[in-house]
Amino acid sequence: MAQHPTESPWAIQVAQVGRRPGLTQDVDVVMPAPTGIGDDFFGIQQDSDVHVTGRIDSLAEGLLISGTATAFVTGSCGRCLKRLDQDWPVQFTAYFPYEAPEDKPFGDDDIDAEEDEGDDTYPLAENGTIMDLELLLRDYFVESLPAQPLCKPDCLGLCPECGVDLNENPDHSHEKHDIRWADLEALKKQLEEHNDTDGSAN
């Protein structure tokens, strides 16, 4: 059963500023994190708290919301596996027009002259009285997460042979043998043992 817009945990009532150019509405709410933000290795857990602060500006053709959303990201460094659990803020600006353009789907740029170029666009619900932030939050957080999270840009990672953290042990190394010379090294060892035996016999 589809959820009614007014029952959505991401819904903001905007009837007081809707279709009233020049009015503003402050936003300071806690919402659940939408699904699909990152993964088990590095991401935001579904339904965890997202703190949204900002402002809604009423324009002639729609509503413009701008602000910051902060969620808690859990995960690990992609090189050394160090835990990277931390608050993850993203800044956003999005446009919610009262009417969807007939020739463009929501999400296209340059939908309205009052819309800042490059801003994302989302639909209003309930005749322009409900602003639902679910898609906005998912889009901005997903875009902000790195493809390979790192504890620091120059992370040295783990030793591929023994797993030692190279950040804590930068001089760590292993003596390496080239297997291409293994037969010659074995022959050399045999010759040395043979010479030692001959020398003892004399």
Side-chain angles (χ1 to χ4, degrees), residues 3 8-12 26-57 62-97 104-112 115-125 130-174 176:
Q3 190 174 50
S8 168
W10 300 281
I12 296 178
D26 291 332
V27 177
D28 190 344
V29 296
V30 175
M31 299 177 166
T35 61
I37 303 177
D39 50 33
D40 293 338
F41 187 75
F42 191 77
I44 299 173
Q45 183 177 358
Q46 178 183 349
D47 293 331
S48 60
D49 288 347
V50 178
H51 187 197
V52 181
T53 59
R55 189 179 74 177
I56 299 172
D57 291 294
L63 299 174
L64 187 71
I65 182 172
S66 57
T68 302
T70 304
F72 192 71
V73 172
T74 60
S76 304
C77 174
R79 292 179 184 170
C80 71
L81 304 182
K82 178 182 178 181
R83 294 300 300 176
L84 297 179
D85 301 346
Q86 59 186 291
D87 285 333
W88 194 271
V90 293
Q91 294 184 332
F92 62 85
T93 299
Y95 183 63
F96 288 74
K104 289 185 178 181
F106 283 113
D108 284 0
D109 293 336
D110 302 325
I111 288 183
D112 191 89
E115 176 191 356
D116 292 339
E117 184 177 356
D119 290 343
D120 290 326
T121 303
Y122 302 89
L124 289 167
I130 298 293
M131 177 183 288
D132 193 296
L133 301 187
E134 179 183 9
L135 294 178
L136 182 155
L137 293 176
R138 180 185 293 114
D139 289 347
Y140 273 86
F141 277 119
V142 168
E143 184 177 352
S144 73
L145 296 182
Q148 184 184 39
L150 298 175
C151 60
K152 56 183 180 179
D154 59 347
C155 175
L156 299 176
L158 303 178
C159 172
E161 295 190 35
C162 67
V164 165
D165 189 338
L166 298 178
N167 298 297
E168 299 178 0
N169 302 274
D171 296 327
H172 173 79
S173 63
H174 292 271
K176 296 183 179 180

As an exercise, state the distance from CG of L136 to CZ of F141, rounded to the nearest 0.5 Å.
9.5 Å
Compare every heavy atom of P97 with every heavy atom of Y122, then report the nearest pair and how far apart it is.
O-CD, 3.4 Å
May I ask you to test the V73-L84 pair for a side-chain heavy-atom distance under 4.5 Å?
no
Closest non-hydrogen contact found for G43 with L145 is CA-CD1, 4.3 Å
Derivation of the side-chain contact (heavy atoms from CB on, under 4.5 Å) call for D120 and F92
CA-CA 9 Å; D120 290 326; F92 62 85; over 6 Å; no
Could you state the interatomic distance from CG (L63) to CE (M131), rounded to the nearest 0.5 Å?
4.5 Å
Do the non-hydrogen side-chain atoms of D87 and H51 ever get within less than 4.5 Å of each other?
no
Any donor-acceptor pair under 3.5 Å from W10 side chain to P32 backbone
yes
When you compare the side chain of F42 with that of P149, does any pair of heavy atoms fall below 4.5 Å?
yes
Roughly how far apart are L158 CG and E168 CD, rounded to 0.5 Å?
10.0 Å
Check whether D132 reaches the backbone of L124 with its side chain - one donor and one acceptor, N or O, closer than 3.5 Å.
no
Just by distance, do the side chain of R79 and the backbone of C155 share a donor-acceptor pair under 3.5 Å?
yes
G78 and Q148 have their tightest heavy-atom pair at O-NE2, 3.8 Å
Worked verdict on I56 versus I12 for side-chain contact (heavy atoms from CB on, under 4.5 Å):
CA-CA 10 Å; I56 299 172; I12 296 178; 4.2 Å; yes
When rounded to the nearest 0.5 angstrom, what distance separates CG in D139 from CD1 in I37?
9.5 Å
Using side-chain heavy atoms (C-beta onward) and a distance below 4.5 Å, is L133 in contact with V29?
no
Is it true that, when you exclude D40 itself, more than 12 heavy atoms of the residues, nucleotides or ligands shown sit nearer than 6.0 Å to its CG?
no
Hey, could you give me the CG/CG distance between L156 and D165, rounded to the nearest 0.5 Å?
8.0 Å
Heavy atoms only: give me the nearest R83-S76 pair and the separation to one decimal.
NH1-OG, 3.2 Å
Between CG of D26 and CZ of R55, what distance do you get to the nearest 0.5 Å?
8.0 Å
Enclosure of E134 CD (heavy-atom neighbours >12, cutoff 6.0 Å):
yes
Determine the minimum heavy-atom distance between Y95 and G62, stating which atoms define it.
OH-N, 3.5 Å
Return yes if some donor-acceptor pair links the side-chain N/O of D28 with the main-chain N/O of T53 below 3.5 Å, else return no.
no
W88 and S144 have their tightest heavy-atom pair at NE1-OG, 2.9 Å
